[in-house]
Amino acid sequence: MLTIAMPKGRIFEEAAELLRRAGYKLPPEFDDSRKLIIDVPEENIRFILAKPMDVVTYVEHGVADLGIAGKDVMLEEDRDVYEVLDLKISACYLAVAGLPNAKAVSVAPKIATKYPAVASRYFREQGEQVEIIKLNGSIELAPLIGLAERIVDIVSTGRTLKENGLVELERIEDITSRLIVNPVSYRMKDQFIDDMVERLSACLEGVN
Ligand code: PRP
């Protein structure tokens, strides 16, 4: 049996749709169940539903053989997992944003983000000294209430920035979801995993 860690939330729907397109028969209750473990015996697959940031942890520890994780999480967390396929779903990007016409702060401006490692690396590469403030969500609040001058966050439709009067300042990196694999599972269950990768790749062909 394969265990797959699925991210709850906005990636879930697209991931489930992709698995169905690849021919996996997922039961209807898959979509709006509150269950955290869903067995699909017909496919010999167990799904576990985790927070997106935790999917990599389940896979790294081997309690899930595979997982679907955003590239944003992979960039933030240096984990011992293999990234085997770009699923090309949940496309978005990481960007620096802030209030329009904000006055430049001369020494170490504050940057609020859910991605402290990505943000530190980015500003180091830019040669700018900043102070990183880690938040867990609603990052766009930070400049509005004076916690930080700028933010580093995911932009998808751009609505959250717009509706909060923020502007994108720099684009950091494009993000899509990836299929990740535990290294031991990859050796022990290679046939099943290769089969899944092939089926998913086949339905991704032609998708840019
Ligand atoms: C993400 C991201 C932005 C928003 C971007 O937040 O952190 O806030 O989505 O999407 P948009 O460009 O389509 O508006 P999420 O909904 O995951 O919530 P959280 O960051 O508050 O946890």
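Because only heavy atoms are used, hydrogens play no part in the values below, and waters and symmetry mates are left out as well, while side chains stay in. Starting from 1, each residue takes its place in the sequence as its number. First listed ligand is number 1; within each ligand, the first listed atom is number 1.
- In summary, of the residues considered (Val73, Val155, Ile154), a side chain to side chain contact (heavy atoms under 4.5 Å, CB included) with Ile175 occurs for Ile154 alone.
- Within the structure, ring-ring contact (aromatic ring centres under 6.0 Å, His included) pairs that include any residue of residues 87-116 do not occur (at least two apart or interchain).
- In terms of protein heavy-atom proximity, atom 13 (O) of ligand 1 is closest to Thr157 OG1, 2.5 Å.
- Put simply, no part of Lys162 is less than 4.0 Å from ligand 1, judged by heavy atoms.
- Of all protein heavy atoms, the one closest to atom 21 (O) of ligand 1 is Ser138 N, 2.7 Å.
- When heavy-atom distances to ligand 1 are checked against a 4.0 Å cut-off, Asp153 comes that close only through its side chain, counted from C-beta outward.
- Here the protein heavy atom with the shortest distance to atom 5 (C) of ligand 1 is Ile154 O, 3.4 Å.
- A salt bridge does not link Glu76 to Lys114: none of the charged nitrogens lies less than 4.0 Å from a carboxylate oxygen.
- Close approach of ligand 1 to Gly137 is summarised as follows: ligand atoms under 4.0 Å from at least one heavy atom of the residue are 19 (P), 20 (O), 21 (O), 22 (O).
- Tested against Lys189 for a side-chain hydrogen bond (donor to acceptor under 3.5 Å, both in side chains), the candidates Asp65, Asp195, Thr3 yield a single pass: Asp65.
- In summary, the atoms of ligand 1 found under 4.0 Å from a heavy atom of Glu140, numbered by their order in the structure, are 3 (C), 8 (O).
- In this structure, the side-chain contact (heavy atoms from CB on, under 4.5 Å) partners of Lys35, at least two apart in sequence or on a different chain, are Ser33, Ile38.
- The shortest contact between atom 22 (O) of ligand 1 and any protein heavy atom is with Lys114 NZ, 3.4 Å.
- For the residue pair Glu173/Tyr122, the side-chain donor-acceptor check at 3.5 Å is not satisfied.
- Between Phe30 and Tyr24, the distance separating the two ring centers is not shorter than 6.0 angstrom.
- Not a single heavy atom of Ile139 sits less than 4.0 Å from an atom of ligand 1.
- Closest to atom 4 (C) of ligand 1, if we only count protein heavy atoms, is Thr160 OG1, 3.6 Å.
- What sits closest to atom 1 (C) of ligand 1 on the protein, heavy atoms only, is Arg10 NH2, 3.9 Å.
- Close N/O approach between Leu161 and ligand 1 is not found [any backbone or side-chain N/O within under 3.5 Å].
- Checked for salt-bridge contact, Arg178 and Glu83 meet the test: a charged N lies under 4.0 Å from a carboxylate O.
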